Asker: 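My questions will all concern the structure given below.
Atom set for the values below is all heavy atoms of this structure, side chains included, hydrogens, waters and symmetry mates excluded. Quick caveat: nothing in here was measured; it's all calculated off a predicted structure.
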Amino acid sequence: MNIIDKLKNKLPANTLFKMLRFWPPYLGAGIKVTNISDDFLKLDVEMNLSWFNKNFVGTHFGGSLFSMTDPFYMLMLIKSLGSEYIIWDKASKIEFMKPGVGTVKAHFEFTSDELDEIKHNCQNKKKHLFNKEVYIFDDKGELIAKVEKTLYVKKK
């Protein structure tokens, strides 16, 4: 059993989410979970601009912007749907709207209706693929990037 599995069994899930900031790729980029709802249906992530994640022209490195959206929809579904389901990120794409400077933020959210739809579509062990978008904003509220995630869900 690796360290992540040990932590998953001992820590409250919202603490585990917030500890992701110490995972090496996130630590280097300065990505941190700033808020997560008790039901795991809402989550906020932010990243400050620093020399760790700054590109050649002084704005947020595109890879860091992309990685700040990477696992969260998948992790939220794992916590919300439980161990009866197999959940994977299948694909992602990012569209950069403008250069990011300062603090950038992303908000992830599922509704209970979306969870019900996922469960319904997974009946009889059918796989369910769907797209979910997340937007990255700067500290002025301006759109920096749009990320489209394709998620795979199947009942075990």
Side-chain angles (χ1 to χ4, degrees), residues 4 8 12-82 85-122 126-154:
I4 298 297
K8 282 194 311 192
N14 57 356
T15 301
L16 188 60
F17 272 84
K18 288 190 176 187
M19 286 184 63
L20 281 174
R21 74 187 308 170
F22 301 108
W23 184 44
Y26 279 11
L27 182 63
I31 298 166
K32 58 187 170 199
V33 175
T34 57
N35 188 43
I36 183 162
S37 64
D38 290 338
D39 60 5
F40 304 104
L41 296 181
K42 296 177 184 175
L43 184 137
D44 295 309
V45 176
E46 73 177 37
M47 177 174 59
N48 296 320
L49 185 62
S50 72
W51 69 275
F52 287 126
N53 58 23
K54 191 182 292 187
N55 64 22
F56 186 74
V57 294
T59 63
H60 277 284
F61 176 63
S64 295
L65 290 168
F66 194 59
S67 69
M68 78 181 279
T69 66
D70 184 27
F72 295 110
Y73 277 138
M74 179 186 76
L75 294 175
M76 292 164 71
L77 284 177
I78 287 169
K79 294 308 295 178
S80 297
L81 295 176
Y85 293 86
I86 299 166
I87 302 158
W88 289 101
D89 279 327
K90 180 128 172 78
S92 296
K93 70 177 183 179
I94 189 166
E95 181 180 356
F96 298 104
M97 310 308 236
K98 66 177 276 193
V101 293
T103 301
V104 293
K105 299 177 182 185
H107 176 75
F108 301 81
E109 186 169 348
F110 281 105
T111 65
S112 55
D113 288 342
E114 286 174 309
L115 290 183
D116 291 342
E117 181 181 345
I118 291 167
K119 290 176 187 176
H120 175 76
N121 288 324
C122 289
K126 291 184 209 170
K127 70 178 178 182
H128 175 54
L129 293 170
F130 66 98
N131 293 332
K132 185 91 169 142
E133 290 184 339
V134 61
Y135 302 95
I136 302 171
F137 294 93
D138 65 13
D139 47 10
K140 296 176 188 170
E142 295 181 12
L143 183 62
I144 300 304
K146 177 173 67 169
V147 178
E148 183 178 84
K149 307 286 292 174
T150 302
L151 291 128
Y152 168 100
V153 183
K154 182 178 178 183

Asker: Closest approach of Met74 and Trp88, non-hydrogen atoms and distance?
Answerer: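 Met74 and Trp88 have their closest heavy atoms at SD-CA, 3.9 Å.
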Asker: Rounded to the nearest 0.5 Å, how far does CD1 of Ile78 lie from CZ of Phe40?
Answerer: 11.5 Å
Asker: With heavy-atom distances below 4.5 Å as the criterion, would you say the side chains of Leu49 and Lys54 are in contact?
Answerer: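 SC-SC contact between Leu49 and Lys54 confirmed.
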Asker: Distance check, rounded to the nearest 0.5 Å: His120 atom NE2 versus Lys126 atom NZ?
Answerer: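 NZ of Lys126 is found 7.5 Å from NE2 of His120.
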Asker: Working note: Phe96 + Leu65, criterion side-chain contact (heavy atoms from CB on, under 4.5 Å); need CA distance, chi angles, decisive distance, verdict.
Answerer: CA-CA 9 Å; Phe96 298 104; Leu65 290 168; 4.0 Å; yes
Asker: Which residues satisfy the salt bridge (Lys or Arg N to Asp or Glu O under 4.0 Å) test with Lys132, sequence neighbours excluded?
Answerer: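 Counting only residues at least two positions away or on another chain, Lys132 forms a salt bridge (Lys or Arg N to Asp or Glu O under 4.0 Å) with Glu114.
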Asker: If you look at every heavy atom in Ser80 and Leu115, which pair is closest and at what distance?
Answerer: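 Closest approach of Ser80 to Leu115: CB-CD1, 3.9 Å.
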Asker: Can Asp39 and Ser37 be said to form a side chain to side chain donor-acceptor pair (under 3.5 Å), step by step?
Answerer: CA-CA 5 Å; Asp39 60 5; Ser37 64; 2.6 Å; yes
Asker: Kindly give the heavy-atom pair with the smallest separation between Leu81 and Lys119, and that separation in Å.
Answerer: CD2-CE, 3.6 Å
Asker: Evaluate the side-chain proximity of Asn48 to Lys32: yes if any heavy-atom separation is below 4.5 Å, no if none is.
Answerer: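 A side-chain contact exists here, since the closest heavy-atom pair is under 4.5 Å.
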Asker: Compare every heavy atom of Val101 with every heavy atom of Gly58, then report the nearest pair and how far apart it is.
Answerer: O-CG1, 4.2 Å
Asker: Heavy-atom distance under 4.5 Å between the side chains of Ser92 and Thr69, does that happen here?
Answerer: no
Asker: Checking Lys149 against Tyr73: charged group under 6.0 Å from the ring centre and within 45 degrees of the axis?
Answerer: no
Asker: Glu117: what forms a side-chain contact (heavy atoms from CB on, under 4.5 Å) with it, not counting sequence neighbours?
Answerer: Asn121
Asker: Can you tell me how far apart CE (Met68) and CG (Asn53) are? Round to the nearest 0.5 Å.
Answerer: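 Answer rounded to 0.5 Å: 10.0 Å.
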Asker: Considering only heavy atoms from C-beta outward, does the side chain of Asp89 approach that of Leu151 to under 4.5 Å?
Answerer: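 Touching, per the 4.5 Å side-chain cut-off.
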Asker: Could you measure the distance from the CG atom of Leu41 to the CZ atom of Phe110? Nearest 0.5 Å is fine.
Answerer: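 The distance works out to 8.5 Å.
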Asker: Working to the nearest 0.5 angstrom, can you tell me the gap between Lys105 NZ and Glu46 CD?
Answerer: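 Answer for the NZ-CD pair, Lys105 versus Glu46, is 5.0 Å.
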Asker: Looking at every non-hydrogen atom in both residues, tell me the closest pair between Thr59 and Pro99 and how far apart they are.
Answerer: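 Looking at all heavy atoms of both residues, the closest pair is CG2-CB, 3.6 Å.
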Asker: Go through the steps for His60 and Ile144 under the test side-chain contact (heavy atoms from CB on, under 4.5 Å), then give the verdict.
Answerer: CA-CA 10 Å; His60 277 284; Ile144 300 304; over 6 Å; no
Asker: On a heavy-atom basis, which atom in Lys98 and which in Leu143 lie closest, and how many Å separate them?
Answerer: CG-O, 3.4 Å
Asker: Kindly check if the number of other-residue, nucleotide or ligand heavy atoms within 6.0 Å of CZ (Phe66) is above 12?
Answerer: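 Yes, CZ of Phe66 has more than 12 neighbouring heavy atoms, counting only those of other groups under 6.0 Å.
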Asker: What's the spacing between Phe137 CZ and Glu142 CD if we round to 0.5 Å?
Answerer: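 Interatomic distance, Phe137 CZ to Glu142 CD, rounded to 0.5 Å: 10.5 Å.
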Asker: Find out whether Tyr152 and Ile86 are in side-chain contact, i.e. whether some heavy atom of one side chain is under 4.5 Å from a heavy atom of the other.
Answerer: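 Result yes, sub-4.5 Å side-chain heavy-atom pair found.
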